[in-house]
Enquirer: 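Handing you this structure, nothing more for now.
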Amino acid sequence: MNFFEEVYKLCKEIPRGKVSTYKILAEKLNTKAYRLVGYALRSNSYVPKVPCHRVVDSRGRLHGFGGSTSQRFLDRKAKLLRKEGVKVKDHKVIDFDKVLYKF
DNA sequence: CGGTTGACCAAGT
DNA sequence: GACTTGGCCAACC
């Protein structure tokens, strides 16, 4: 079981309309390498099999959604996120506390 | 095998 | 409030 797969598994556990953070996922993996979570997601973001759009940083911001990765692709996910009940404004999660899924 | 990297985080400047 | 610094740790080269 790779570190990546662990991350993916946790991502799938996030229910619809909820989001989680890199930090929480990292802690669930029993590690402090928050970066690795994002690192893992980056490698797999092109696959709908992992709802990586439900994972944001600790302040409710969607990272890389505005510069690093393909904006269009991720922007589509941001919209999907809104559709699921998570309000997203300019790649930032509104009501972050309410939609935060703490496993 | 060693150095760099990264979709992070928190605290400091 | 934007930017820098130090720290974390697996994957990558």
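From a predicted model like this one, the values you see are computed outputs, not experimental measurements. Per chain, numbering begins at 1; letters A, B, ... match sequence-line order.
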Enquirer: Send over the distance from A:R61 CZ to B:dC9 P, rounded to a whole Å.
Expert: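 About 11 Å, once rounded to whole Å.
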
Enquirer: Tell me what A:F3 touches on the nucleic acid: a base, only sugar-phosphate, or nothing, going by heavy atoms under 4.0 Å.
Expert: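 Contact class for A:F3: sugar-phosphate only.
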
Enquirer: Grab the NZ-P distance between A:K28 and C:dC9 for me, whole Å please.
Expert: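 From A:K28 NZ to C:dC9 P: 18 Å.
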
Enquirer: Restricting to non-hydrogen atoms, name the atom on A:S58 and the atom on A:F96 that form the minimum distance, rounded to 0.1 Å.
Expert: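 Looking at all heavy atoms of both residues, the closest pair is O-CE2, 3.4 Å.
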
Enquirer: Provide, to the nearest angstrom, the distance between the CG atom belonging to A:N2 and the P atom belonging to C:dC9.
Expert: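 Taking atom P of C:dC9 as the reference, CG of A:N2 is at 19 Å.
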
Enquirer: Using a strict 4.0 Å threshold on nitrogen-to-oxygen distance, state whether A:D90 and A:K92 make a salt bridge.
Expert: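 Looking at A:K92 together with A:D90, the answer is yes, because their closest N to O distance falls below 4.0 Å.
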
Enquirer: Have a look at A:V55 and tell me which of A:I14, A:L10, A:V19 forms a side chain to side chain contact (heavy atoms under 4.5 Å, CB included) with it.
Expert: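 The passing option is A:I14.
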
Enquirer: Show the distances under 3.5 angstrom between N or O atoms of the protein and N or O atoms of nucleotides 10-13 of chain B.
Expert:
unit_1	atom_1	unit_2	atom_2	d
B:dA10	OP1	A:K23	NZ	2.6
B:dA10	OP2	A:S58	OG	3.4

Enquirer: Any chance you could measure A:R42, atom CZ, to A:L36, atom CG, to the nearest 0.5 Å?
Expert: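 Reported to 0.5 Å precision, the distance equals 10.5 Å.
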
Enquirer: Expressed as a whole number of angstroms, how long is the span from A:N30:CG to C:dA10:P?
Expert: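 Atom-to-atom, A:N30 to C:dA10, this comes out as 11 Å.
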
Enquirer: Nearest-Å distance, CD (A:E27) to P (B:dC9)?
Expert: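 Rounded to the whole Å, the gap is 11 Å.
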
Enquirer: Would you kindly give the OH-to-C1' distance between A:Y8 and B:dA7, to the nearest whole Å?
Expert: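 Those two atoms, OH and C1', are 12 Å apart.
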
Enquirer: Checking side chain to side chain contact (heavy atoms under 4.5 Å, CB included) against A:L81, which of A:R76, A:H53, A:R16 comes through?
Expert: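 The single option meeting the side chain to side chain contact (heavy atoms under 4.5 Å, CB included) with A:L81 is A:H53.
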
Enquirer: What is the distance, to the nearest angstrom, from the CG atom on A:L36 to the P atom on C:dC12?
Expert: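 My rounded result for the distance is 10 Å.
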
Enquirer: Can you confirm whether A:K18 is buried at NZ, in the sense that more than 12 heavy atoms of other residues, nucleotides or ligands lie under 6.0 Å from that atom?
Expert: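 Check passes, neighbour count above 12.
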
Enquirer: Using 4.0 Å as the upper bound for N to carboxylate O, is an ion pair formed by A:E84 and A:R54?
Expert: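 Result for this pair is yes, salt bridge flagged.
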
Enquirer: Quick one: pull up CZ in A:F3 and OH in A:Y39 and give me the separation to the nearest 0.5 Å.
Expert: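 Between atom CZ of A:F3 and atom OH of A:Y39 there are 12.0 Å.
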
Enquirer: Under 30°, 30 to 60°, or over 60°: which ring-plane class applies to A:Y101 and A:F103, parallel, tilted or perpendicular?
Expert: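 Aromatic pair A:Y101/A:F103 classed tilted.
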
Enquirer: Return a single string for nucleotides 2-8 of chain C, one symbol per nucleotide in 5' to 3' order, where B is base contact, S is sugar-phosphate-only contact and - is none, cutoff 4.0 angstrom on heavy atoms.
Expert: -----BB

Enquirer: On DNA chain B, check which nucleotide each of A:V56 and A:Y39 is closest to and give me the residue with the more 5' one.
Expert: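 Nearest-nucleotide comparison on DNA chain B picks A:Y39.
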
